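All figures in this text were calculated on a predicted structure; none of them were measured in a lab. First the proteins, then the strands, lettered A, B, ... as listed; each starts at 1.
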There are 2 protein chains.
Amino acid sequence: MNISDAAERAGLPTKTIRYYEEIGLVAPARRRDNGYRDYADRDVHMLRFLSRARGLGFSVAECRALVALYGDTDRKSSDVKEIALKRVSDIDAKIAALQAMRATLVDLSENCHGDDRPDCPIIDDLANELGG
Amino acid sequence: MNISDAAERAGLPTKTIRYYEEIGLVAPARRRDNGYRDYADRDVHMLRFLSRARGLGFSVAECRALVALYGDTDRKSSDVKEIALKRVSDIDAKIAALQAMRATLVDLSENCHGDDRPDCPIIDDLANELGG
DNA sequence: CCTTGACCTTCCAGTTGCTGGAGGGTCTAT
DNA sequence: ATAGACCCTCCAGCAACTGGAAGGTCAAGG
């Protein structure tokens, strides 16, 4: 099948598929006589795998490791689990950072009357003018 | 003062300060006869403002708007508040996405024995092999 | 047969927000 | 005079795509 059909089934843009091929995340697609890429179901399967992994926030580097483990019938499930748990702790750190930002912003916003006057604790805080 | 002193006081790398100047986020620094940038306290103040805003996750584009509002003594605090609240809702969306990812990953990890065997529900889920 | 439009190809540039390094000038202290 | 710590500019690269230009291919309709 053509790349656009594969893209639709995998849930990825064609650009991204070509990009994954270019960076070696997936094997180069077979080509037809006219030079068009030709995808089989198992190729789409792999692309879906990547789409899902990227959707869960795994980096391309992590995806490489996952692809290798996916193709390794002798893999240890602990290796996969390790990558997943690392990802969970990365996510936890990101959530914590975002929650801290959010708390600060909400706090500042609650103290800002938000009217036509220029007086604004948000600006003041950013400028650190509270203490001088 | 030299850029490295300004950098230290502002909490930004020198590279970043030059970059902010290059993209017009801050006005070009005054230069000394030898070509070195020369920073005054108010310049450092502005750089700290930016450092803090970036630290709260405001994009450079948002920082531009904040800088403009900062310098506008006729600003409406509602304009500032609007940017801050927009940022809060962006953060909320990001947190929600991360929490969904996290839940999926934790769920998958809990079902993975994480031992020397290849059998792994994490890989299976990514490959979408559960339903066929 | 010709044309139209939707495909496909490659390659290059841009995105965001820096960061690193090369290659060079300057300043300060010894 | 020289070492080392500054400073300068410019170019390249990071993640992970995305957009567009320039051109080849294919299927349908007149």
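In terms of position on DNA chain C, the residue among A/Asp38 and B/Tyr36 whose nearest nucleotide sits closer to the 5' end is A/Asp38.
Between atom CD1 of residue B/Ile3 and atom NZ of residue B/Lys15 there is a gap of 10.0 Å, rounded to the nearest 0.5 Å. To the nearest 0.5 angstrom, A/Leu50 atom CG is 10.0 Å from A/Tyr70 atom OH.
No engagement by A/Arg32 is indicated, since no non-hydrogen atom pair under 4.0 Å with the nucleic acid exists. B/Ile3 comes within 4.0 angstrom of the backbone, heavy atoms only, and of no base. Nucleic acid contact for B/Ser59: sugar-phosphate only, since backbone atoms but no base atoms lie under 4.0 Å from a heavy atom of the residue. Residue A/Arg37 is classed as a sugar-phosphate contact, given heavy-atom separations below 4.0 Å to backbone atoms only.
B/Tyr20 contributes no side-chain N or O that forms a donor-acceptor pair with the base of C/dG17 under 3.5 Å.
For the OP1/OP2 pair of C/dC18 and a distance below 4.0 Å, the side-chain nitrogens and oxygens of B/Arg54 include at least one atom meeting the criterion. At the phosphate of D/dA16, neither OP1 nor OP2 sits under 4.0 Å from any side-chain N or O atom of A/Thr16. Taking side-chain N and O atoms only, B/Asn34 has a distance below 4.0 Å to OP1 or OP2 of C/dC27.
D/dA16 atom P lies 10 Å from atom CG of A/Leu25, rounded to whole Å. Between the CD1 atom of A/Ile23 and the C1' atom of D/dA15 there is a distance of 10 Å, given to the nearest Å. Whole-Å rounding puts the B/Phe58 CZ to C/dC18 P distance at 15 Å. At whole-Å resolution of the value, CD1 in B/Ile17 and P in C/dG17 are 17 Å apart. Atom OH of A/Tyr39 is separated from atom C1' of C/dC7 by 14 Å (rounded to the nearest Å). Put simply, CG on A/Asn2 is 10 Å from C1' on D/dT25, counting in whole angstrom units. One atom, CD of B/Glu21, and another, P of D/dT9, lie 7 Å apart when rounded to the nearest Å. The interatomic distance linking B/Lys94 (NZ) with C/dT16 (P) rounds to 13 Å, in whole Å.
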Distances for protein N or O near nucleotides 19-21 of chain D N or O, under 3.5 Å:
from	atom 1	to	atom 2	distance (Å)
D/dG19	N7	A/Lys15	NZ	3.1
D/dG19	O6	A/Lys15	NZ	3.0
D/dG20	O6	A/Lys15	NZ	2.1

Could you pull out the protein-nucleic contacts involving nucleotides 28-30 of chain C (nitrogen or oxygen on both sides, under 3.5 Å)?
none

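Between the side chain of B/Asn111 and the backbone N or O of B/Leu108 there is no donor-acceptor pair closer than 3.5 Å. Put simply, the side chain of B/Glu82 never gets that close to the backbone of B/Asp79: no donor and acceptor are under 3.5 Å apart. Using a distance-only test at 3.5 Å, with no hydrogens or angles considered, a donor-acceptor pair links the side chain of A/Asn34 to the main chain of A/Tyr36.
The residues A/Arg117 and A/Asp115 are annotated as salt-bridged, a charged nitrogen and a carboxylate oxygen being separated by less than 4.0 angstrom. Salt-bridge check for B/Asp92 with A/Arg102: passed, with a basic side-chain N closer than 4.0 Å to an acidic carboxylate O. The existence of a salt bridge linking B/Lys86 and B/Asp90 is confirmed by a sub-4.0 Å separation between a basic side-chain nitrogen and an acidic carboxylate oxygen.
More than 12 non-hydrogen atoms from other residues, nucleotides or ligands lie less than 6.0 angstrom from CZ of B/Arg31.
Side-chain proximity of B/Arg31 to the nucleotides C/dC7, C/dG25, D/dC8 is greatest for D/dC8. Proximity note for B/Tyr19 (side chain, C-beta onward) versus D/dC8, C/dT19, D/dC7: the nearest is C/dT19.
Screening B/His45, B/Met1, B/Arg48 for a side chain to side chain contact (heavy atoms under 4.5 Å, CB included) with B/Arg9, the sole residue that qualifies is B/Met1.
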